[in-house]
Amino acid sequence: MAKHTSVDALTRALCPSIDASVLAKPFSWPLASVPRRQFCTCIRRSRLDGNRSAGFTISGRGVGLAGRPPSTTCAASPRFLGPELAGPSFAQQTRAYRDPSKAAKLRKWLEGQEEKKEQKRDKGKKSSSSSSEGGEEGTASEQEKLKELYKTCIPWIKAVPGNLRVDTLYEALERLRLRAPEAAKVREVVSYLVRRRSRPPDMRLYETMVLVNLDTTTGSASELAGMYKEMRTEGIKPSPAWYHDALRLLAIHPDYLMRTTLLERMKEDGVELTKSGRWNVALGLLRDGQNEMALDCWADMVKDKIMIPPWLAQTFIFVMVLRGFLDEAVDLCAQALESKLIDRTAQFRPLWTYLLDEFSRAFHYQGTKYIWDEMVVQAKALGPSDGVVVNVLNTAARHGDPALATSAIELLASRDIKLGPHHYEPLLESYVHAGRLADAFRVLGIMRDAGLQPDRASTRAIYLALKEAPERVEEAVRVLGELGPVPPVSAAAVNVVLEAAAKASEGDMARTLDVYKRLCEGCGAVPNEHTFGLLLAECQGSEPAVFLLHEMDRYSVRPSHPILDNLIRCFAVDGNLSVALAYIDELGQLLSSSSSAADAGLWISQRTLKAVLRRCYDEKHPDMWKLLEEAKRRGMEVGDWAAEAA
């Protein structure tokens with residue numbers, strides 16, 4: 001068996017890398033899951049007798065975390081991270097885990113490593129290459145062996161020899177602090193340096209602890225505040241690196257007051273804010289919800305020609321859209337695209353897709369049109385879903401952009417999608433809001449030719465526009481005359497113009513009928529039952545009703561329930577009462593023969609009933625009692641005079 005040479009101080013002085021490499025390796029040890037509030041970055045170097053620490057500090061002056069009462073979760077031992085410290089002391093905890101045979105085995109293995117290195121140095125140049133390859137393979141197996149050994153050494157820092165050089169520990173600390181998963185080990189190394197080696201807190205340790213707090217699960221801004229307070233108490237002036245690392249920490253764990261304090265102190269100390277520092281300040285303000293101040297930081301960086309990384313530009317755009325600042329998001333997109341922070345390549349396709357979805361969902365016209373023109377029309381880099389295209393179509397309808405609406409319709413048609421009323425109606429609305437009535441009426445004709453029968457709901461945009469501007473009724477009549485008679489104008493177009501004309505005439509039936517005659521003669525329109533229904537609804541006497549009856553015979557329009565109801569009312573007002581009562585009987589026969597469930601239970605309307613009862617009462621007609629009984633049976637209301645007469 002080979003004789004092992006002990007690793008003394010001289011050996012470590014000649015080859016200090018052995019200790020740094022051992023400490024820097026990502027070993028694992030049994031570390032219980034600790035809640036976030038139980039982690040601490042600052043270590044006391046006093047009270048090594050097992051008593052509880054009075055606060056989270058490095059210097060031992062008892063400066064606690066900002067906003068927290070003195071904690072008792074940080075024990076005096078290097079193994080202070082476990083929740084079990086609230087119970088037994090460190091010696092009691094480690095006694096059950098310590099295995100003297102394995103600890104001795106570990107030291108023996110370390111001595112063997114040093115002996116192997118000495119043997120390699122004695123070998124000749126010819127065998128150096130082969131020994132190097134074998135060393136790499138051996139190192140991998142040795143790391144696994146050391147990892148298994150360290151699993152039983154709790155805490156692992158207890159296995160480090162007491163005469164280990166401090167420079168070696170600092171070197172290991174430099175390596176470990178750049179690894180995010182090694183935050184807990186860094187804390188123990190700092191604890192070992194301060195407590196076991198009595199190293200005074202210096203800037204290197206404070207910088208290390210700031211980097212440790214960058215961890216999203218164990219770090220916090222409150223620990224940074226406590227650390228900064230302790231540094232001021234100890235008279236330690238923060239370095240520029242510490243300031244910028246602290247700003248980076250506050251971008252992850254935002255604290256507006258702490259950030260403002262550090263920026264003021266940096267200004268007093270003459271520390272210039274680097275471009276990465278400005279990025280972290282802007283990102284911290286954004287994460288802290290200070291949206292206006294974050295945008296001001298962005299504007300300052302653009303003004304000062306500070307290079308903004310693409311990830312920061314995307315973060316700003318995403319957050320602004322998420323928080324509802326859509327106008328600002330559009331401006332940021334334009335600036336980022338112009339500055340080539342983002343482009344139209346597939347790398348940024350998720351960003352463009354998200355923006356088009358959110359802008360169109362919110363009916364934000366500027367953002368929707370910008371993304372659509374840039375990425376769909378020009379670059380052809382996006383293929384938005386059918387739902388997003390419909391949102392774009394509705395956005396164009398609301399803001400009166402026929403070009404955008406037509407582009408969306410063309411994209412849907414290119415996918416062989418059968419267009420329905422919910423596609424054509426937004427297109428029609430976009431033409432109306434753009435003031436193009438002729439194109440809006442053409443859309444109604446296209447719907448008719450496509451096998452879709454436009455109804456009253458399809459023409460509401462036209463009706464509202466004519467209702468708000470009654471003087472445009474004449475323009476609509478002229479436009480329909482220019483569109484007809486070949487091909488004939490859609491009946492829906494005629495009906496909406498007549499509806500608007502009746503509203504504008506304010507009861508002047510002669511003016512409404514004049515518009516009706518001009519439309520039928522000038523544009524070749526064929527009226528339907530909806531046409532006569534809305535005209536009879538405006539009639540206040542029997543004379544225009546008789547004219548409309550002749551027109552119905554001329555166009556072979558069969559009477560419907562609304563038509564008969566209005567005829568009954570018109571004849572009851574000033575016509576032949578017997579004709580009105582005859583139409584009531586005809587209405588009853590029509591409804592009884594109908595197979596539609598919607599016609600079940602229908603009768604004359606409340607308005608018509610009152611007109612008929614008034615006329616029967618004036619003429620003392622005996623059918624009044626029959627009508628009253630039927631009205632009571634149906635639960636319809638009648639006038640006070642009718643109730644008294646009954």
Side-chain angles (χ1 to χ4, degrees), residues 308 310 313-322 324-447 449-450 452 461:
I308 300 176
Q314 292 185 75
T315 301
F316 260 77
I317 295 171
F318 270 112
V319 173
M320 287 300 160
V321 172
L322 188 64
F325 295 92
L326 302 183
D327 293 336
E328 289 77 5
V330 175
D331 295 338
L332 292 177
C333 278
Q335 294 179 22
L337 192 60
E338 182 180 357
S339 304
K340 297 183 180 180
L341 300 179
I342 57 178
D343 51 39
R344 301 177 180 87
T345 60
Q347 177 184 357
F348 298 97
R349 187 175 299 166
L351 172 65
W352 296 114
T353 303
Y354 170 77
L355 292 177
L356 182 60
D357 186 10
E358 292 298 322
F359 285 143
S360 61
R361 188 200 306 270
F363 304 113
H364 189 268
Y365 174 66
Q366 288 79 11
T368 302
K369 182 173 177 58
Y370 179 78
I371 304 298
W372 184 270
D373 291 343
E374 290 287 341
M375 302 304 300
V376 180
V377 178
Q378 297 180 14
K380 300 186 183 301
L382 287 184
S385 65
D386 295 344
V388 173
V389 177
V390 171
N391 287 339
V392 172
L393 182 60
N394 291 329
T395 303
R398 287 194 176 195
H399 297 275
D401 190 343
L404 180 60
T406 303
S407 178
I409 286 287
E410 290 175 351
L411 180 59
L412 291 173
S414 66
R415 299 176 178 177
D416 296 331
I417 294 177
K418 185 177 181 181
L419 301 179
H422 63 288
H423 297 120
Y424 287 109
E425 290 171 7
L427 179 62
L428 181 148
E429 185 178 352
S430 68
Y431 283 121
V432 172
H433 289 167
R436 298 164 58 177
L437 281 178
D439 292 322
F441 287 132
R442 287 192 183 95
V443 173
L444 293 175
I446 294 173
M447 293 178 65
D449 297 339
L452 301 172

Ring pair (Phe, Tyr, Trp, His ring centres under 6.0 Å) partners for H399, two or more places apart
Y365
Gap between atom CZ of F325 and atom CD1 of I317 - 0.5 Å precision:
15.5 Å
So do P384 and V376 actually touch side chain to side chain, heavy atoms under 4.5 Å?
yes
Residue pair V390 / N394, side-chain heavy-atom distance below 4.5 Å
yes
Any ring-ring contact (aromatic ring centres under 6.0 Å, His included) pairs touching residues 369-393, not counting sequence neighbours?
none
Can you tell me how far the CG atom of L332 sits from the CG atom of L337, to the nearest 0.5 Å?
12.5 Å
Output for pair (F363 CZ, T395 OG1), nearest 0.5 Å, gives 5.5 Å
Going by the side chain to side chain donor-acceptor pair (under 3.5 Å) test, which pairs reach into residues 339-350, not counting sequence neighbours?
D343-T345, R344-E374
Any side-chain heavy-atom pair of L437 and F441 under 4.5 Å:
yes
Quick check: do S407 and V377 have side-chain heavy atoms less than 4.5 Å from each other?
yes
Can you tell me how far CG of L411 sits from OG1 of T406, rounded to the nearest 0.5 angstrom?
12.5 Å
Mark yes when over 12 heavy atoms from residues, nucleotides or ligands other than E338 sit less than 6.0 Å from its CD; otherwise mark no.
no
List for me each residue that meets side chain to side chain donor-acceptor pair (under 3.5 Å) alongside E425, sequence neighbours excluded, and say none if there are none.
S458
Roughly how far, to the nearest 0.5 Å, is the CD1 atom of I371 from the OG atom of S360?
10.5 Å
Rounded to the nearest 0.5 Å, the CZ atom of R361 sits from the CG atom of L356 at a distance of 11.0 Å
D331: partners by salt bridge (Lys or Arg N to Asp or Glu O under 4.0 Å), with sequence neighbours left out
none
If you look only at pairs with a residue in residues 410-434, which of them pass as a ring-ring contact (aromatic ring centres under 6.0 Å, His included), with sequence neighbours excluded?
none
